[in-house]
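In what follows, a structure is listed as structure tokens, so that the remarks can point back to it.
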Amino acid sequence: MTCGKNRTDPIEADPAAIADALGTWYAANARALPWRADPTPYRVLLSELMLQQTRVETVLPYFARFVRRWPTLADLAAADEVEVLEEWAGLGYYSRARNLHRCARAAARGLPPTAAELALLPGIGPYTAGAIASIAFGEAAALVDGNVERLLSRLDGRDLDPRSKEGKRALWARAGELQRSRGALRPGDLNQALMEMGATVCVPRKPRCHTCPLAGPCAARASGTPERWPTPTRKAPVAAIRGAAGVFETAAGRLLGRRVAGGLLGGLWEPIRVEIGELTEPGPALVAGFAALGLTVRLGTRRPDVVHVFTHRRLTCAVFEVAQLVGEPVPAPPYEEVAFRGDLRGLSTLARKILEA
DNA sequence: AACACGTGGTT
DNA sequence: TAACCAAGTGT
């Protein structure tokens with residue numbers, strides 16, 4: 001090593017020293033986030049549900065709208081699920097909105113203070129339970145998310161597969177060890193320090209080791225190729241699928257369907273849309289789709305295709321204007337409601353792209 | 001265990 | 001640009 005300093009064996013690096021370094025770093029570098037300014041159980045729950053697989057910057061405006069519209073857990077519990085879903089529209093992973101609402105209903109009088117009890121609530125898994133318990137209630141609960149996984153894998157230079165049982169066990173054990181060694185640092189701050197470090201310093205492609213307070217004991221840093229961790233996991237290829245959608249606008253509004261709960265984009269509104277096979281003609285398939293809803297249509301101008309990428313699918317959707325429409329809409333799968341609507345509330349991002357095509 | 005589940009940013 | 005991946009959970 002060019003530094004020439006004696007280094008502690010990383011695996012045995014003193015957990016108390018690591019926790020202390022994390023705490024000092026966090027005190028000086030924590031971003032000012034709205035749920036940190038006032039970490040009530042409700043606000044922490046809301047932020048954590050929104051932050052699942054979603055970036056902080058994306059969550060910010062949604063969090064502000066939610067707490068303004070529903071200032072307390074009881075307010076949210078009293079809301080209609082449809083309203084919650086509409087406010088969530090655009091954030092993605094819509095089962096989270098349903099889970100959030102069910103969670104609020106189940107705990108309207110107050111969230112339980114322990115990770116074990118929290119984990120029994122809808123939408124709250126091991127990570128979120130640890131986050132709420134530690135941040136909002138001060139329980140010394142551990143937590144492992146993508147950031148912590150990456151940071152700890154690098155710190156110890158261990159090839160841990162977070163999807164395997166042993167990998168999970170090792171990661172959670174290490175996080176628990178740090179939690180028990182945190183000293184005067186608050187449990188929630190220890191956890192947030194780990195995540196904040198992972199999100200801003202120990203980042204995926206090019207870790208900023210020169211600014212890292214754990215560079216000393218870090219095995220990945222010592223290896224010279226810190227970006228090698230964590231070991232990449234194989235991802236299923238993104239399947240290409242095709243579809244067709246029909247845009248029909250009148251003075252009464254646009255014809256939209258609300259998708260059945262549970263599946264892709266469940267509960268959200270969109271222009272009537274069908275999925276088609278690779279060789280299927282989009283026009284006739286779309287006409288058949290309208291017919292299934294009791295509507296006879298004549299298609300007009302074709303607009304540019306819309307390409308939309310989901311986590312596991314890449315959709316290329318043909319878009320047609322509907323020139324003529326006859327009949328009264330009768331809901332049928334995948335739509336549980338079909339109506340003319342004058343506003344764009346509750347539309348998925350895909351739906352907005354189709355309307356703008 | 002493996003896959004479904006949205007959207008947007010980064011490289 | 002295609003691939004990666006983000007404060008994961010439910011099934």
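Order of the sequence lines fixes the chain letters, A, B, ..., with proteins taken first and strands second; residue numbering starts at 1 for each chain.
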Smallest separation among heavy atoms of A/Arg314 and A/Val238, with atom names: N-CG1, 3.5 Å
Shortest non-hydrogen contact between A/Thr211 and A/Trp25, atoms and distance: O-NE1, 4.4 Å
Would you tell me if any nitrogen or oxygen in the side chain of [X] comes within less than 4.0 Å of OP1 or OP2 on [N]?
{"X": "A/Thr128", "N": "C/dT9", "result": "yes"}
{"X": "A/Arg163", "N": "B/dC3", "result": "no"}
{"X": "A/Thr311", "N": "B/dC5", "result": "no"}
{"X": "A/Arg352", "N": "B/dT7", "result": "no"}
{"X": "A/Gln52", "N": "C/dG8", "result": "no"}
{"X": "A/His312", "N": "B/dA4", "result": "no"}

Atom pair distance, as rounded to whole Å: [atom1] in [X] and [atom2] in [N]:
{"X": "A/Glu57", "N": "B/dG9", "atom1": "CD", "atom2": "C1'", "result": "9 Å"}
{"X": "A/Gln53", "N": "C/dG8", "atom1": "CD", "atom2": "P", "result": "5 Å"}
{"X": "A/Leu45", "N": "C/dG8", "atom1": "CG", "atom2": "P", "result": "15 Å"}
{"X": "A/Leu100", "N": "C/dT9", "atom1": "CG", "atom2": "P", "result": "14 Å"}
{"X": "A/Asn99", "N": "C/dT11", "atom1": "CG", "atom2": "C1'", "result": "12 Å"}

A/Arg96 charged N/C atom sitting above A/Tyr93 aromatic ring, 6.0 Å / 45°: no
Same-atom distance (P) from C/dA7 to B/dC3, integer angstrom: 24 Å
First encountered from the 5' end of DNA chain B, between A/Phe310 and A/Arg205: A/Phe310
Position toward the 5' end of DNA chain B (nearest nucleotide), A/Arg96 or A/Lys168: A/Lys168
5'-most by nearest nucleotide on DNA chain C - A/Gly123 or A/Ser47: A/Ser47
Candidates A/Lys353, A/Arg259, A/Arg258, A/Arg341 - the one meeting salt bridge (Lys or Arg N to Asp or Glu O under 4.0 Å) with A/Glu270: A/Arg259
Shortest side-chain distance from A/Arg55, nucleotide among C/dC5, C/dA7, B/dG6: C/dC5
Selected nucleotide, minimal atom distance to A/Tyr94 side chain, candidates B/dC5, B/dT7, C/dA7: B/dT7
Base B/dG9 to side chain A/Thr58, donor-acceptor N/O within 3.5 Å cut-off: no
Ion pair A/Glu149/A/Lys168, N-O distance below 4.0 Å: no
